[in-house]
Protein chains: 2
Amino acid sequence: MVVRMATMSDGNVDAIFHALADTTRRDIVTRVIAREQSVSSLASEYAMSFAAVQKHVAVLERASLVVKQRRGREQIVHADPATIERARLLLEHFETLWRHRAEAIDRILAEDPEH
Amino acid sequence: MVVRMATMSDGNVDAIFHALADTTRRDIVTRVIAREQSVSSLASEYAMSFAAVQKHVAVLERASLVVKQRRGREQIVHADPATIERARLLLEHFETLWRHRAEAIDRILAEDPEH
DNA sequence: CATTCGCACAACCATTTGGTTGTATATTAT
DNA sequence: ATAATATACAACCAAATGGTTGTGCGAATG
């Protein structure tokens, strides 16, 4: 039986990293983690059109990093704890991988200082 | 005096996340962490042209996640420990941010179970 | 009711991306 | 010297990105 690591091979991993590959979007995530805000409230922080910020939020939404929740005539953007934890685990996996490799290199260097 | 957090605001953070936002590229990183390989060796693993894989490696190279080193007529791709550590710290920062927020939420829920 | 506010959505545009094929160059093998 | 290998690089293409403006529509305010 082949065990497929769902968390690592899922297609939306692409979406998560892609969503984080933009300064504005990382900033939006940081802001809404600190305090949930309406889309227009977010938009007022950036030197670009409302529609542009709206699109950025949509990208984050596709990656499930944020969720929108209607409140009156406003749309409140807040961080999605579940996906954020998923992303964290994802990144932790890479970290572990890299750390193991780094330790292996250290071990080799420690064993043979001339090579 | 304004202290600028170099690791977080640098422009190549975009490049790092973008580089990781593709299944093939994440796979390349994983492979070369495990064992450094030539570009053609990598290319043989995927159902796409050599040039396409070459481009993927170039993207990873721009993000400094991998480094190429000529050996004979081959170009050996290996992971760059320095940038990988940088990426790890970067992700750890987000993790911390999110964890703090999660703790804050937990605290609120614990204080007021009805709200 | 009329207006304003917050948002959705479409159309448009320039640039980038991820892929292709084709050509050129350097290195190794025969 | 010739052939085969490994790579670089350019040109091309369809699709996606990141931005714009404009239009419409439901909700709140006067």
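In what follows, every chain begins at residue 1, and chains take the letters A, B, ... in the order their sequences are listed.
A/His18 has its NE2 atom 14 Å from the P atom of C/dT16, to the nearest Å. Computed from coordinates, the A/Tyr46 OH to D/dG19 C1' distance equals 16 Å when rounded to whole Å. In this entry the distance linking CG of B/Leu60 with C1' of C/dT17 reads 14 Å, nearest Å. Rounded to a whole Å, the CG atom of A/Asp22 is 15 Å from the C1' atom of C/dT17. A straight line from NE2 of B/His56 to C1' of D/dT7 spans 17 Å, rounded to a whole angstrom.
A 4.5 Å side-chain heavy-atom check between B/Val59 and B/Arg62 finds at least one atom pair inside the cut-off. Under the 4.5 Å side-chain criterion, counting only non-hydrogen atoms from C-beta, B/Thr23 is in contact with A/Asp14. With contacts defined as side-chain heavy-atom distances shorter than 4.5 Å, the pair B/Asp22/A/Phe17 does not qualify.
The environment of B/Arg71 atom CZ is sparse: at most 12 non-hydrogen atoms of other residues, nucleotides or ligands sit within 6.0 angstrom.
Nucleotides of DNA chain D nearest to A/Arg71 and A/Met48 differ in position, and the one nearer the 5' end is that of A/Met48.
A sub-4.0 Å separation between OP1 or OP2 of D/dT20 and a side-chain N or O of A/Ser49 is present.
Judged by distance alone, with hydrogens and angles left aside, the side-chain atoms of A/Arg26 form a donor-acceptor pair with the main-chain N or O of A/Leu20 at under 3.5 Å. Put simply, the side chain of A/Gln75 gets close to the backbone of A/Arg70: a donor and an acceptor are under 3.5 Å apart.
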Polar pairs (N or O, both sides) under 3.5 Å between protein and nucleotides 6-9 of chain C?
unit_1	atom_1	unit_2	atom_2	d
C/dC7	OP1	A/Val39	N	3.1
C/dC7	OP1	A/Gln75	N	2.8
C/dC7	OP1	A/Gln75	O	3.3
C/dC7	OP2	A/Ser40	N	2.5
C/dC7	OP2	A/Ser40	OG	2.6
C/dA8	OP1	A/Lys68	NZ	2.9
C/dA8	OP1	A/Gln75	NE2	2.9
C/dA8	OP2	A/Gln54	NE2	2.9
C/dA8	N7	A/Gln54	NE2	3.3

Would you tabulate the nitrogen or oxygen pairs shorter than 3.5 Å linking the protein to nucleotides 11-14 of chain C?
none

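Backbone-only contact: B/Arg25 has heavy atoms under 4.0 Å from sugar-phosphate atoms and none from a base.
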